[in-house]
Amino acid sequence: MITSELELITKALLKGQANRVKTLTTLAIENGIDPRVIFERALLPGMQFIGRQFRDNIIYISDVLIASRAMHAGLHVLKPLLSNPRQSSVGRVVIGTVAGDLHDIGKNLIVMMFRGAGFEVIDLGIDVQPEDFAEAIIEYKPDLLAMSAMLTTTLGMISETIRELERRKLRHGVKIIIGGNPTSQVFAQSINADGYAVDVFQAVDLALKLIN
Amino acid sequence: MLIVGELINASRKAIGEAIKAQDVEYIQKVAKDEFEAGANYIDVNAGIFVGKEPEYLQWLVKLVQEVVDCPCCLDSPDPKAIEAALSVHKGTPMINSISLEKERYDALLPVIAGTDLKVVALCMSDDGMPETMDARLKIAEKLIGGLVKNNVPIENIYVDPLVQPLSVNSSFAVEFINSVEAIMTQFKGVHTMCGLSNISYGLPVRKFMNQAFAIMAIAKGLDGLIINPLDKMMMASLVTAEALAGRDNFCVNYLKAFRNKQFDFLG
């Protein structure tokens, strides 16, 4: 009984039916299903499936966005019912595209997948200065800092930001992961980042691995 | 319709490697192919080579102009690279591109001011990328105003309203083509141009979408494109779209394309 209700939610999510996800989620709650169970067994697996399909080039950016909208419709219903969001999240991530770089499509997809995977995400947006990353670390005390650069000319701002954190003695308290076109595993190691992910899906796996 | 051949770009793998290996023959073959396919300008870009960009850009210009009688489109935000390329360029090149981002604007304006260089004016500012027609128009107005005030004839300005991916926002194509129309109407004598591939980013069958988008933009007045001129279907579509848009008297260019066998790929 529960399983079939949850499956319906997942199915609607995969089809990108935001209103249906919202209605079914509300109904499930009225039927006494634990909001956490709805999140973990309906919304989360849905977004994970979307992530895999996107990684394998079976679906496209627009497909991911419409599924994500559906996920958020469900989350919107669940959020007030899930206890303390900090307690219920698997971890807290501060994310941004580095200074001088305005690319946000990849970064936004990561934000969605992280939220889908149960992370609490603080998105600083694009063109984020090293000092602003540092301030955010002080303010939010995240488990993880994720930085993106899409240009060879802005790649250096990743290492610049890490140096800024080191200067302010903030580096040890946070794991750092990086991604974006010109980045690589070798680059990540050379600048003393904790990890590099080649795609959205790997990024989630990497993040989970690093905080556990 | 002004065609800028986009192929000699270092971020394309084959070209990046050819530049690194100083492969004269390959670069010159691409330039010749683009010119013969109908390119009016040959874009040259060495942007991935930090520190060596001026040297390589200059080298590319020399190579290209050895084999084709055609101006180049100098593709760099760095005035040092542009000046190095200008020093060897024959004829009047196009600069790709100035924008309203302060650093880029201040760096490139002195190079362009008072010259007869053609210039691509990209609708981007320090406030980020414009998403609506209004935001684009505001930037275009400042760019055109600034350039004209610095003695750049309006006929030499090619405004690029900035193409953004349809996959992230369903109104991005419409906002773009409406901007083309508004810019062409409000600033008499100015041109508009753009690259296409951004529109289809993150979607399948990109070539097809790029082509449909080009045709729609041409209908609204777009008169320049940075494309792969070896794409026969695209080139045939462009000449057809221009005729349909009422910019080809007596269908002269359309018929010429037909007689030059540009439609023969249809079989």
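Proteins come first, then strands; the chains are lettered A, B, ... in the order of their sequence lines, and each starts at number 1.
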Mark yes when over 12 heavy atoms from residues, nucleotides or ligands other than [X] sit less than 6.0 Å from its [atom1]; otherwise mark no.
X	atom1	value
A:E131	CD	yes
A:N19	CG	no
A:F49	CZ	no
B:E103	CD	no
B:K142	NZ	no

Any side-chain heavy atom of [X] within less than 4.5 Å of one from [Y]?
X	Y	result
B:P204	A:Y60	yes
B:M129	A:I126	no
B:P165	A:I61	no

Does the pair B:L203 and A:S62 meet the rule for a side chain to side chain contact (heavy atoms under 4.5 Å, CB included), with working shown? CA-CA 8 Å; B:L203 291 168; A:S62 309; 3.5 Å; yes
Option from A:V64, A:L109, A:I105 for which side-chain contact (heavy atoms from CB on, under 4.5 Å) with B:V168 holds: A:I105
Rounded at 0.5 Å granularity, tell me how far CG in A:D127 sits from CG in B:D127. 10.5 Å
